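The structure appears below as structure tokens.
Just so we're on the same page: letters track the sequence lines, and every chain starts at 1. Keep in mind that this is a model prediction, so the values were computed, not measured.
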Protein chains: 2
Amino acid sequence: MSLRMALLTLIAGAPRSGYDIGQEFDGVLKFVWHAKPTQVYPELKRLAGEDLIREQDTGSRGRKPYEITEKGVAELRAWLTGTSADHSQRNETALRSFALWTVSPAEAGDFLREELEYHRARLRGMRALKNGLDLSQAQDRAALLGVELGIRRLEAMVSWAEWAIENVAAWPEGSQ
Amino acid sequence: MSLRMALLTLIAGAPRSGYDIGQEFDGVLKFVWHAKPTQVYPELKRLAGEDLIREQDTGSRGRKPYEITEKGVAELRAWLTGTSADHSQRNETALRSFALWTVSPAEAGDFLREELEYHRARLRGMRALKNGLDLSQAQDRAALLGVELGIRRLEAMVSWAEWAIENVAAWPEGSQ
DNA sequence: CCACGCATGTAATCAGTTACATGATTGC
DNA sequence: GCAATCATGTAACTGATTACATGCGTGG
């Protein structure tokens, strides 16, 4: 249900093609929303069929950028003001942490160091994104909220991973 | 694929029934993993069929607690050491933030205050969970990692929501 | 004795992923 | 000319949710 809203949100911010969205879902937006191109393309067609978005002139290489319609913006507003957010999440880092007692402290440390590196890299990317925002634009002022949320969560993940590495190092040997 | 691992992780920590797991998925574990009971029950049967978990004596009211097998623990270890974690996530709070420019600053504020209250409440619950851990147990030392991750992320969400409320209050009127 | 929460399950549907297919443009 | 990347799509399958169904045990 919310893939629709993710697509509307992105296209409302600026016109985009399915390919653009696929790239973002696979990159900077990985912590917000993600979907495979094979799910994105048919959903865009459905949204266009309901007049929530509209195809702009087809570009080169068969590129099809969409823009939001008035009806699409109304749908976004109804979603934001009329429904409440679903907070359920699936976090594999947290899940794996609960199972770490089954492996050696050394192996647990390997996992945590990998997590630390991953989140540090993501944090760098997210900070770069923040610097690229133009806060005279309403869209970018809203995007700042989303990006700042990402930054604070990534900072939390980095500090957690640093703490966890120290913590696991103090576990008794052969405790698994 | 990872529902299996979530079930194995929980059952490895302590024997549990499908009902127990359903309750946890709907409560404290909402930020780690979640699934509806209708998905949990058949998956537990499949895991039992593969000897990764084993049914203990059936309890009252048809209750069926499962415990982990040696093969199940081996499967967990193989997962932790042989595969890397999937970091993709769907975060509706972040998604909605990107769309907030389409509604009035007052409505945006309503949304953010609701988020703040939700995350404060979850943070209280998570801290209580942390206090209940018995750190002489290897399972609980690992659980501490997961719980601490949850706490730090919730703290990040609370501080973000507080900041975002201030930020939105400074948006120009009628900017949507 | 009956309402409520415990406890497990099936069937139908919807969301999401994987495997496969195709063609256009750009840079070397 | 050809490899890499851009760009869109379909079909089959797996994961997840919704709607429905059933019975047990405890407390009032």
Distance check needed: C:dT8 P versus B:Arg46 CZ, whole Å only. 16 Å

Side chain of B:Lys64 (C-beta onward), nearest among C:dT8, C:dA7, C:dT26: C:dT8

Contact class for A:Arg4 vs. all strands (heavy atom < 4.0 Å): base, sugar-phosphate, or nothing? nothing

Side-chain ion pair, B:Asp51 and B:Arg54, N-O less than 4.0 Å: no

Would you indicate which nucleotide in C:dG16, D:dC6, D:dC24 comes nearest to any side-chain atom of B:Arg61? D:dC24

Regarding B:Arg152 and A:Ser159, is there a side-chain donor-to-acceptor distance under 3.5 Å anywhere? yes

Side chains of B:Arg63 and B:Ser17: do they bring a donor and an acceptor to under 3.5 Å? yes

Would you say B:Arg63 reaches C:dA7's phosphate, i.e. side-chain N/O to OP1/OP2 under 4.0 Å? yes

Between atom CH2 in B:Trp33 and atom P in D:dG15, what is the gap in whole Å? 11 Å

Starting at CZ of B:Phe25 and ending at P of C:dA7, how long is that distance when rounded to a whole Å? 17 Å

Are OP1 or OP2 of C:dT18 and a side-chain N or O of A:Lys36 less than 4.0 angstrom apart? yes

Write down the distance between CG (B:Leu47) and C1' (C:dT8), rounded to a whole number of angstrom. 16 Å

Do B:Thr81 and A:Glu107 get their side chains close enough for a donor-acceptor pair, meaning under 3.5 Å? no

So do the side chains of A:Lys45 and A:Tyr41 get within less than 4.5 Å of each other, counting heavy atoms only? no

Expressed in angstrom and rounded to an integer, what is the separation of B:His34 atom NE2 from D:dT17 atom C1'? 11 Å

Checking contacts here: which listed nucleotide (C:dC6, D:dA16, C:dT17) is nearest the side-chain heavy atoms of B:Leu3? D:dA16

Could you give the CG-to-C1' distance, from B:Asp26 to C:dG5, as a whole number of Å? 14 Å

Hey, does the side-chain of B:Thr38 have a donor or acceptor N/O within less than 3.5 Å of a partner on the base of D:dT18? yes

I need the CD-C1' distance between B:Glu24 and C:dC6, as an integer number of Å. 15 Å

B:Tyr19 side chain near C:dT8 phosphate (N/O to OP1/OP2, under 4.0 Å): no

Rounded to whole Å, please give me the gap between CD in B:Gln39 and C1' in C:dA11. 15 Å

Among the nucleotides C:dT18, C:dG9, C:dT25, whichever has the atom closest to the side chain of B:Tyr41 is C:dG9

Heavy-atom nearest nucleotide on DNA chain C taken for B:Ser88 and for B:Pro42; more 5' hit belongs to B:Pro42

